[in-house]
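Beneath this line is the structure, given in structure tokens, with notes to follow.
The model shown is predicted, which means the values in this text are computed figures rather than measured ones. Each chain gets a letter, A, B and so on, in the order its sequence line appears, and its residues count up from 1.
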2 protein chains.
Amino acid sequence: MFASQNPDPRMAAARTPPHPCASWPDNGQGIRDTLDRVGDKWSILVIGILGAGPLRFGALYDQVPGISQRMLTRTLRHLERDGLLTRTSYPEVPPRVEYELTPLGDQMRETAYTFVRWATDHNDEIEAARHRYDNR
Amino acid sequence: MFASQNPDPRMAAARTPPHPCASWPDNGQGIRDTLDRVGDKWSILVIGILGAGPLRFGALYDQVPGISQRMLTRTLRHLERDGLLTRTSYPEVPPRVEYELTPLGDQMRETAYTFVRWATDHNDEIEAARHRYDNR
DNA sequence: CTGTATCCTTCACGATACTG
DNA sequence: CAGTATCGTGAAGGATACAG
């Protein structure tokens with residue numbers, strides 16, 4: 001890793017154009033961190049589902065098709081850690097635990113929605129491009 | 001694929017919603033596919049950088065901090081396959097290859113920008129939540 | 001310069017069994 | 001019901017060498 005950004009002011013007037021991650025803010029650092037955080041297999045899905053309102057563990061388990069118990073637990077813990085949802089445990093028997101988006105989490109859901117919508121709307125178009133490429 | 005959109009008016013009054021991925025369109029299928037496609041470590045970064053204009057292989061390699069040659073090639077191939085960018089090879093010596101976003105790719109970049117912007121703007125907030133969680 | 005071809009490591013994830 | 005503990009697997013990605 002020797003050719004990262006060059007913060008040396010003396011090199012400011014070097015020949016070749018600078019090497020920022022153009023077009024993305026923060027040199028792409030924000031999206032890098034965020035993808036590491038919610039770019040896994042289930043996070044976005046869980047966030048989307050919780051957008052409809054708080055749910056308990058079992059209900060989430062039913063609504064995320066294909067997720068394992070282990071991954072649901074892990075995903076929820078991570079999202080809780082990041083402040084995107086809250087976990088509320090009720091001291092009953094049998095135990096009941098409810099998960100709910102925080103304002104921050106809901107904000108993220110709203111922001112992601114635009115992108116998800118685009119993805120859904122252009123799925124066919126991308127799929128078509130794939131087939132064209134494969135039969136080139 | 002049996003649970004796509006159902007425009008049939010006779011099904012309008014069906015029973016309670018079984019297991020829909022509420023809050024996301026297409027039962028989350030679009031975002032599932034899209035994350036499988038551009039949710040890897042580099043795709044979004046490359047798309048963002050190419051938003052500033054076409055670049056050749058070496059320039060991209062310089063501008064994506066930390067990427068390996070292998071992964072840059074793979075990422076570019078995948079994005080080309082999905083119709084998000086074009087690859088133009090000029091028959092010169094030494095070889096010159098330019099990559100440029102397609103209209104579809106640029107549309108995706110624009111759509112993603114909102115989300116990336118949010119991610120960048122709230123990075124600190126999330127980082128703080130993490131720290132709070134770890135010291136709970 | 002623009003890639004391939006191998007090899008290797010890590011780790012995300014799934015399956016299963018068990019627990020308060 | 002809502003988890004945890006443990007093990008196994010595959011795939012993603014990095015390092016390096018080589019090629020057209």
Side-chain angles (χ1 to χ4, degrees), chain A residues 1-4 15-17 19 28 31-46 49-50 54-82 85-100 133 136, chain B residues 28 31-46 49-50 54-82 85-100 133 136:
Chain A
M1 192 109 37
F2 50 89
S4 52
R15 318 172 288 116
T16 47
H19 302 195
I31 186 56
R32 168 84 292 143
D33 289 346
T34 302
L35 280 182
D36 289 345
R37 181 159 24 236
V38 297
D40 59 69
K41 198 170 178 181
W42 305 108
S43 291
I44 294 285
L45 241 38
V46 168
I49 290 173
L50 283 179
L55 282 177
R56 49 194 298 183
F57 187 87
L60 269 169
Y61 187 71
D62 290 339
Q63 293 207 24
V64 185
I67 199 172
S68 67
Q69 210 170 37
R70 184 177 110 92
M71 286 316 295
L72 180 55
T73 304
R74 285 174 59 93
T75 302
L76 290 169
R77 286 292 176 280
H78 288 145
L79 295 177
E80 183 194 5
R81 183 166 111 102
D82 292 341
L85 56 79
T86 59
R87 174 183 183 276
T88 311
S89 176
Y90 297 91
E92 309 171 355
V93 177
R96 177 166 61 102
V97 179
E98 281 207 342
Y99 293 92
E100 181 172 19
Y133 184 90
R136 78 206 172 276
Chain B
I31 186 57
R32 169 83 291 145
D33 290 345
T34 302
L35 280 182
D36 289 345
R37 180 159 24 235
V38 297
D40 59 68
K41 197 170 178 181
W42 305 109
S43 291
I44 294 285
L45 241 38
V46 168
I49 291 174
L50 283 179
L55 282 177
R56 50 193 299 183
F57 187 87
L60 268 169
Y61 186 70
D62 289 339
Q63 294 205 24
V64 185
I67 198 172
S68 67
Q69 212 169 36
R70 184 177 109 93
M71 287 315 294
L72 181 55
T73 304
R74 284 175 59 94
T75 302
L76 290 170
R77 288 291 175 283
H78 288 144
L79 295 177
E80 184 194 4
R81 183 167 112 102
D82 291 342
L85 56 79
T86 59
R87 176 184 183 275
T88 311
S89 176
Y90 298 90
E92 309 170 358
V93 176
R96 177 167 62 100
V97 179
E98 282 207 342
Y99 293 92
E100 181 172 19
Y133 184 92
R136 98 214 95 105

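Here the shortest heavy-atom pairing between B:Val46 and B:Leu79 reads CG1-CD1, 4.0 Å. A:Arg56 and A:Pro95 make their closest contact through NH2-O, 3.6 Å (heavy atoms, listed as atom of the first residue, atom of the second, distance). Scanning both residues, A:Tyr61 and A:Gln69, for their nearest heavy atoms gives CE1-N, 3.5 Å.
Distance, B:Arg74 CZ to D:dG14 P: 11 Å, rounded to whole Å. The distance between atom CG of A:Leu55 and atom P of D:dC1, rounded to the nearest whole Å, is 15 Å. One can place OH of B:Tyr61 at 10 Å from P of D:dG14, the figure rounded to the nearest angstrom. For the pair B:Asp36 CG and D:dA12 C1', the computed distance is 13 Å after rounding to whole Å. What separates CG of B:Leu72 from C1' of D:dA12 is a distance of 16 Å, to the nearest Å. Rounded to whole Å, atom C1' of C:dT2 lies 9 Å from atom CZ of B:Arg56. In this structure, CD of A:Glu80 is placed 15 Å from P of D:dA2, rounded to the nearest angstrom. Rounded to a whole Å, the CG atom of A:Asp40 is 10 Å from the C1' atom of C:dC13.
Taking the centre and axis of the six-membered ring of B:Trp42, the NZ or CZ atom of B:Arg74 falls outside the cone set by 45° and 6.0 Å.
Counting any heavy atom pair closer than 4.0 Å across all strands shown, A:Tyr99 reaches sugar-phosphate atoms only and no base atom.
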Considering only nitrogen or oxygen atoms on both sides, find all protein atoms under 3.5 Å from nucleotides 14-17 of chain C and state each distance.
{"from": "C:dG14", "atom 1": "OP1", "to": "A:Lys41", "atom 2": "NZ", "distance (Å)": "3.3"}
{"from": "C:dG14", "atom 1": "OP2", "to": "A:Trp42", "atom 2": "NE1", "distance (Å)": "3.4"}
{"from": "C:dG14", "atom 1": "N7", "to": "A:Arg70", "atom 2": "NE", "distance (Å)": "3.3"}
{"from": "C:dG14", "atom 1": "O6", "to": "A:Arg70", "atom 2": "NE", "distance (Å)": "3.0"}
{"from": "C:dG14", "atom 1": "O6", "to": "A:Arg70", "atom 2": "NH2", "distance (Å)": "3.4"}

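Which of D:dA2, C:dG3, D:dG3 sits closest to the side chain of A:Thr73 comes down to D:dG3.
Put simply, B:Arg77 has a side-chain N or O that comes within less than 4.0 Å of OP1 or OP2 on C:dT4.
Note: B:Leu85 CG to B:His78 NE2 = 12.0 Å, rounded to the nearest 0.5 Å.
Using a 4.5 Å heavy-atom cutoff, the side chains of B:Phe57 and B:Leu72 are in contact. Looking at heavy atoms from C-beta onward, B:Arg87 lies out of side-chain contact with B:Glu100 at the 4.5 angstrom threshold.
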